[in-house]
Amino acid sequence: MVETLPVGRSQLQQQRVEIKRWVMAFLSSHKTLLTVLWIAAFGSVFLWQRSIGGAGFTIFAKAGPGRPIPRMRPFAFNLTDFGGVGDGVADETAAFERAILAISKFGKRGGAQLNVPPGKWLTAPFNLTSHMTLFLAEDAEILGVQDEKRWPLMPPLPSYGQGRERKGARFGSLIHGQNLRDVVITGHNGTINGQGQSWWKKYRQKLLNNTRGPLVQIMWSSDIVISDITLRDSPFWTFHPYDCKNITVRNVTILAPIFEAPNTDGIDPDSCEDMVIEDCYISVGDDAIAIKSGWDQYGIAYGRPSRNILIRNLIVRSMVSAGVSIGSEMSGGVSNVTVENVLIWSSRRAVRIKTAVGRGGYVRDITYRNLTFDGARVGIVIKTDYNEHPDDDFDRKALPIIRDISFTEIYGQGVRVPVRIHGSEDIPIRNVTFRDMSIGITYKKKHVFQCAFIEGRVIGTIFPAPCENLDRYDEEERLVLRSESQNVTDIDYDI
């Protein structure tokens, strides 16, 4: 049992923390777009991608011993107390299992902390326990084994009915937990690395018979905190909280290659409530964030919505998908979501809601505020024909309800199509509000504010000019022009 690692705080590490706090405060004004973009671009491209093939790249040299590990529980252990080696070669699975078994005995005494010291810790998947803090020291890196035979198979999620990629069982996550309470994963920016490259290759070659596993998955749990760490190269979705309550994700960096890392979503809240995601940087091979709540008839039957979710102060990028998505698996419903103070840069889409006939459920009471798009192909997307289904038994009469969505203080530059809201006769979009929007566009020869089967309003003047489907109000919210064309279709996927 230990209290801390050797003492000796690095002044340069403290400077890094202060710089990051300054960046997130600076982000709150859209006028700092280019400054923040340069920070994100250099941080992502040069600091991370240059380190893929080597031992890492850092601007600051090491100065003295690592920072002491704070004691956050009444009892604390080092992984080395249980036989951990940390050389990147030894199998540390048994050490993690022994340590967590020991920690499980301290639940009634305030729990215990497992410190992962600097080093590389190669392990097969393992399970957490309640009233536990997993603390990754600076330069500590947990590595997932690449042999899929070491990853356990689990039943399909009850709200999905099938594996998301293959029917039947799915692989478990590298770090897993079920029916837990009071779990913290934190550190001095230590790393959990799924080493997903072999998984991505086998997926593309169709060599896997089961759905790939997430990096971290917590199920049916409450009071979960993930902070001050880096998650990278997940085989599949990176952090997947499932049917959980009271979750906080703060000051986390999530990375995967922007191409050829399929389905490496950053954070996927799934049938979760009371969740905060803040002060994070996410650059991955699919949606940076995707809020879900079950898939077609299985999600309808499970009946657990995602609700009361706050997403703020983020920098995100997705070259193949979207910065912040809702759906398409939203059959249990999604409501009361706020997305604010977010920069989405160099992305295929900025924010997106996606659903389809057969989903059922609802998406409602969604607020987007103070968003900046830079270099996005499409800014705002609502899509109602995202036709992926677990099987052919979905209910064709289960139509999702999409309504009560507001976009305020939306800014950007270099955007090809600022708005594409594609409702349908079966799934109309209701009560959408735009206010204070100015997005610089790159494609000026065609209508770039595209709408179909949408009812809503524009308050004041926005740029580009809105579609004719929307009512017009002045700045004092007095009606100026009532639209008679809510069902007009002006969608062009060729631009």
Side-chain angles (χ1 to χ4, degrees), residues 28 159 218 220-226 239-250 265-280 282 287-295 299-300 302-314 316 322-342 344 350-355 359-371 380-384 398-410 421 423 427-436 454-457 459:
S28 61
S159 60
I218 309 294
W220 303 304
S221 300
S222 64
D223 305 321
I224 309 299
V225 176
I226 298 185
F239 175 47
H240 183 216
Y242 181 82
D243 198 353
C244 292
K245 296 181 179 180
N246 193 21
I247 315 111
T248 299
V249 182
R250 178 183 298 119
D265 297 16
I267 303 171
D268 284 6
D270 202 337
S271 295
C272 289
E273 62 179 281
D274 302 329
M275 182 169 184
V276 176
I277 303 170
E278 61 184 358
D279 303 327
C280 296
I282 305 173
D287 295 320
I289 295 173
I291 301 172
K292 305 175 182 290
S293 64
W295 201 9
I300 294 171
Y302 193 70
R304 302 284 202 282
S306 280
R307 60 190 177 189
N308 306 334
I309 297 176
L310 173 61
I311 299 168
R312 64 186 177 189
N313 305 335
L314 307 185
V316 300
V324 180
S325 283
I326 296 175
S328 72
E329 309 92 324
M330 40 61 65
S331 300
V334 177
S335 66
N336 195 23
V337 175
T338 297
V339 182
E340 62 183 7
N341 305 335
V342 177
I344 302 104
V351 295
R352 175 170 64 166
I353 296 170
K354 47 185 177 176
T355 186
R359 290 290 192 270
Y362 53 83
V363 176
R364 65 188 185 213
D365 301 317
I366 312 297
T367 300
Y368 299 94
R369 181 171 50 238
N370 193 23
L371 306 185
I380 294 167
V381 179
I382 300 180
K383 184 177 177 64
T384 57
L399 304 175
I401 297 170
I402 313 296
R403 62 175 302 116
D404 305 331
I405 302 167
S406 68
F407 299 91
T408 306
E409 300 177 72
I410 309 298
I421 298 180
I427 310 173
I429 314 300
R430 301 300 189 205
N431 195 27
V432 179
T433 300
F434 291 90
R435 184 170 194 166
D436 190 9
I454 173 177
E455 173 268 318
R457 62 179 182 164
I459 301 174

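- When atom types are taken as modelled, the side chain of R359 and the backbone of S328 share a donor-acceptor pair closer than 3.5 angstrom.
- Using a 4.5 Å heavy-atom cutoff, the side chains of V316 and V342 are in contact.
- Interatomic distance, OG of S406 versus CD1 of I459, reported as 9.5 Å (0.5 Å rounding).
- Side-chain contact between V249 and F239 is present, with at least one heavy-atom pair separated by less than 4.5 Å.
- The closest side-chain heavy-atom distance from V351 to V381 is not below 4.5 Å.
- At a threshold of 4.5 Å between non-hydrogen side-chain atoms, the residues D270 and D243 do not count as touching.
- Residue A398 comes nearest to I300 through the heavy atom pair CB-CD1, 3.9 Å, listed as atom of the first residue, atom of the second, then distance.
- S335 and I366 make their closest contact through CA-CD1, 4.4 Å (heavy atoms, listed as atom of the first residue, atom of the second, distance).
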Could you please spell out the steps behind the side-chain contact (heavy atoms from CB on, under 4.5 Å) verdict for I267 and I282? CA-CA 9 Å; I267 303 171; I282 305 173; 4.0 Å; yes
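- No side-chain donor-acceptor contact under 3.5 Å links D365 and N336.
- Atom CH2 of W220 and atom CZ of R304 lie 10.0 Å apart (nearest 0.5 Å).
- Residues E273 and I247 approach most closely at O-CD1, 4.1 Å, considering heavy atoms.
- The shortest side-chain heavy-atom distance between D404 and V363 does not fall under the 4.5 Å cut-off.
- From I218, atom CD1 reaches atom OG of S222 across 11.5 Å, with rounding to the nearest 0.5 Å.
- Put simply, CD on E455 and CD1 on I429 are 10.5 Å apart, with the number rounded to the nearest 0.5 Å.
- For the pair D265 and K292, the tightest heavy-atom approach, listed with the atom from each and the gap, is OD2-CE, 4.2 Å.
- Side-chain contact check for P428 versus I454: every heavy-atom pair is 4.5 Å or farther apart.
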From CA spacing to verdict: side-chain contact (heavy atoms from CB on, under 4.5 Å), V324, I311: CA-CA 9 Å; V324 180; I311 299 168; 4.2 Å; yes
Yes or no on side-chain contact (heavy atoms from CB on, under 4.5 Å) for V432 and R457, after CA distance, side-chain angles and deciding distance? CA-CA 6 Å; V432 179; R457 62 179 182 164; over 6 Å; no
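- For Y242 and S159, the side-chain atoms include at least one donor-acceptor pair closer than 3.5 Å.
- Separation of atoms CD (E278) and SG (C280) is listed at 7.5 Å; rounding is to 0.5 Å.
- Other residues, nucleotides and ligands contribute only 12 or fewer heavy atoms inside 6.0 Å of the CZ atom of R250.
- Within the model, atoms OG1 of T355 and CD1 of I402 stand 5.0 Å from one another, a figure rounded to the nearest 0.5 Å.
- I405 places a side-chain heavy atom less than 4.5 Å from the side chain of Y368.
- The closest side-chain heavy-atom distance from L310 to I277 is not below 4.5 Å.
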side-chain contact (heavy atoms from CB on, under 4.5 Å) between V339 and T367, worked out: CA-CA 6 Å; V339 182; T367 300; over 6 Å; no
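- Just one of I410, T408, N341 meets the side chain to side chain contact (heavy atoms under 4.5 Å, CB included) condition when paired with L371; it is I410.
- Contact record, A290 with P269: O-CD, 3.4 Å, taken as the closest heavy-atom pair.
- D223 and N246 are linked by a side-chain donor-acceptor pair at a separation below 3.5 angstrom, with hydrogens and angles left out of the test.
- When atom types are taken as modelled, the side chain of S306 and the backbone of S271 share a donor-acceptor pair closer than 3.5 angstrom.
- In summary, the side chains of S325 and D287 do present a donor paired with an acceptor at a separation below 3.5 Å, with no hydrogens or angles considered.
- What you find for I344 and G323 is that their closest heavy atoms are CG2-CA, 4.1 Å.
- No more than 12 heavy atoms of other residues, nucleotides or ligands lie within 6.0 Å of CD1 in I401, so this atom counts as exposed by the packing criterion.
- A distance-only check finds no donor-acceptor pair linking the side chain of S293 to the backbone of P305 [under 3.5 Å].
- Remark: the backbone N or O of R369 is not paired with any side-chain donor or acceptor of E340 at under 3.5 angstrom.
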